[in-house]
Novice: 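Encoded as structure tokens, here's the structure I'll be asking about.
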2 protein chains.
Amino acid sequence: MKWTEHSNKPCAIAKSLGVVGDSWTLLILRNSFLGARRFEEFQEQLGLTRHLLADRLKKLVAEEVLKKVPYGENAKRYEYKLTPKGLDLYPVILALVNWGNTWMIPDGEQPLLHVHRDCGQTTRPVMSCSECGDALDPRRVSVIPGKPLQEMAEQMEAEQMTSELGYYPPKSH
Amino acid sequence: MKWTEHSNKPCAIAKSLGVVGDSWTLLILRNSFLGARRFEEFQEQLGLTRHLLADRLKKLVAEEVLKKVPYGENAKRYEYKLTPKGLDLYPVILALVNWGNTWMIPDGEQPLLHVHRDCGQTTRPVMSCSECGDALDPRRVSVIPGKPLQEMAEQMEAEQMTSELGYYPPKSH
DNA sequence: GCAATTAAGTTCCCAAAAGGAACTATTGTG
DNA sequence: CACAATAGTTCCTTTTGGGAACTTAATTGC
């Protein structure tokens, strides 16, 4: 089975990976968040081949993560800008930065730091609970089936459910 | 240039992607968080080829994201369990789930929901500031060079820095 | 205690995607 | 009007992915 087929299943992660589950795509988005806009700009900064870049940009535009905005006078030239859907990928980028800073780079050697202009502090992005605001520990989070899985479960054997939906009863770590 | 070469640069995202910048790897981790442990279990749940699975598991073990724990009596059989480094990838998974739930799935159709057992509520994971606790809006976060980049900047032209380090002066969106 | 089954990989082979480099087609500039 | 810059395409080779069968060791069933 190809990994792309997973994005047809009712799984939010798999669907996300269908859009951003590729390293070049995430590096393109990183540079978008750092201000890159133009084809040549991405190509020089990332060093990927032009036809891969064209392919990835086309897919990101098709998924409405980036939009092509014309620039110059009567232009056939475009800038690639983040849409609201694209801007909303910021937590994914931050989660990757933070994990890399924590586990892949010796302390104090972090190449980039984040300043939260609302509070003025150097910040580490933390994943927290929308309801109580506390940081989320995986051991304190339960995963439960939502409406569609509950409905499908009524008409389906557990085994069949597992193979077709990719839903598995949770265990502790 | 191959995308893997980016992980040699002083960029936390690039280094993270060197470990988890692959869809199968992230799907393996998703299932780890849902409780999968064994080779056959991953293979059946994900449907990827056995030699790709073996390759990805080996890499994750080498990176200390998973550890092989023997099971059974005098065993040559192992379970793949998340290490602390692996458990700390939970925010990455949550960020992907949340983005997928928000943008790729119609409202109310979310297949899996998260319950925060500390507060008892169904939660949406939010990326927030470690200092003030508010949710992080990309437009309100500045990226500044950390110590190593500052030091290198003193000995380097801006242009050279861009090409060698992948650091670019920030722009607004 | 031996045969069948399960678990965890390997190996082989073909198809698909990535990577390098050169080419094209517009637009803008001196 | 020549020249450079921008945004792609095209062509070709290498690498990786995907399907299926094979291997080896451990467990279970009789």
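Hydrogens, waters and symmetry mates are skipped; everything else that's a heavy atom, side chains included, is used. Letters A, B, ... are given to chains in the order of the sequence lines, protein chains preceding strands, and every chain is numbered from 1.
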Novice: Between C1' on C:dT6 and CD on B:E41, what's the gap in Å once rounded to a whole number?
Specialist: 14 Å

Novice: Side-chain contact, heavy-atom cut-off 4.5 Å: A:S130 with B:P125?
Specialist: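 Sidechains of B:P125 and A:S130: no contact.
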
Novice: Can you list the residues that meet the ring-ring contact (aromatic ring centres under 6.0 Å, His included) rule with A:Y90, with sequence neighbours excluded?
Specialist: A:F33

Novice: Tell me, with the steps shown, if B:D22 and B:R56 meet side chain to side chain contact (heavy atoms under 4.5 Å, CB included).
Specialist: CA-CA 9 Å; B:D22 167 272; B:R56 294 302 190 274; 3.0 Å; yes

Novice: Of A:T4 and A:K68, whose closest DNA chain D nucleotide lies nearer the 5' terminus?
Specialist: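 Looking at DNA chain D, the more 5' nearest nucleotide goes with A:K68.
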
Novice: I want to check one thing: is the phosphate of D:dT27, taken as OP1 and OP2, less than 4.0 Å away from some side-chain N or O of B:Y71?
Specialist: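 For D:dT27, neither OP1 nor OP2 has a side-chain N or O of B:Y71 closer than 4.0 Å.
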
Novice: Quickly work out the B:Y78 OH to D:dT27 C1' distance and round it to whole Å.
Specialist: 16 Å

Novice: Quick one: B:Y80 OH to C:dA8 P, roughly how many Å, whole number?
Specialist: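 Distance check: B:Y80 OH to C:dA8 P gives 8 Å.
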
Novice: Considering only side-chain heavy atoms of B:W3, which listed nucleotide, C:dA7, C:dG19, C:dG9, is closest?
Specialist: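 Comparing C:dA7, C:dG19, C:dG9 against the side chain of B:W3, the answer is C:dG19.
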
Novice: Between A:E79 and A:R38, is there a side-chain N and carboxylate O pair less than 4.0 Å apart?
Specialist: yes

Novice: Think A:R77 forms a cation-pi with A:F39, using NZ or CZ under 6.0 Å from the six-ring centre and within 45 degrees of its axis?
Specialist: no

Novice: May I have the distance from A:E40 (atom CD) to C:dT26 (atom P), rounded to whole angstrom?
Specialist: 17 Å

Novice: How long is the gap from CD1 on B:I13 to CG on A:L96, to the nearest 0.5 Å?
Specialist: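 The CG atom of A:L96 is 6.5 Å from CD1 of B:I13, to the nearest 0.5 Å.
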
Novice: When the nearest nucleotide of DNA chain D is assigned to B:K2 and to A:E5 on a heavy-atom basis, which residue is associated with the more 5' position?
Specialist: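 The residue mapped nearer the 5' terminus is B:K2.
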
Novice: Can you pull out the residues from residues 48-59 of chain A that lie within a 4.0 Å heavy-atom distance of DNA chain C?
Specialist: A:T49, A:R50, A:H51, A:L52, A:R56

Novice: Any side-chain donor-acceptor pair under 3.5 Å between A:R124 and A:T102?
Specialist: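 A:R124 vs A:T102: donor-acceptor pair found between side chains.
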
Novice: Check whether any side-chain N or O of A:W24 sits under 4.0 Å from OP1 or OP2 of C:dA17, and answer yes or no.
Specialist: no

Novice: Over how many whole Å does the gap from B:E44 atom CD to C:dT6 atom P extend?
Specialist: 11 Å

Novice: Rounded to the Å, how far apart are A:Q43 CD and C:dG20 P?
Specialist: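 About 11 Å, once rounded to whole Å.
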
Novice: When the distance from CE of B:M1 to C1' of D:dT14 is rounded to whole Å, what number comes out?
Specialist: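 From B:M1 CE to D:dT14 C1': 18 Å.
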
Novice: In whole angstroms, how far is the C1' atom of D:dT16 from the CG atom of A:D22?
Specialist: 13 Å

Novice: Taking only the side-chain heavy atoms of A:R77 (C-beta and beyond), determine which of C:dT27, D:dG8, D:dA25 contains the nearest atom.
Specialist: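 Among C:dT27, D:dG8, D:dA25, the one nearest the side chain of A:R77 is C:dT27.
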
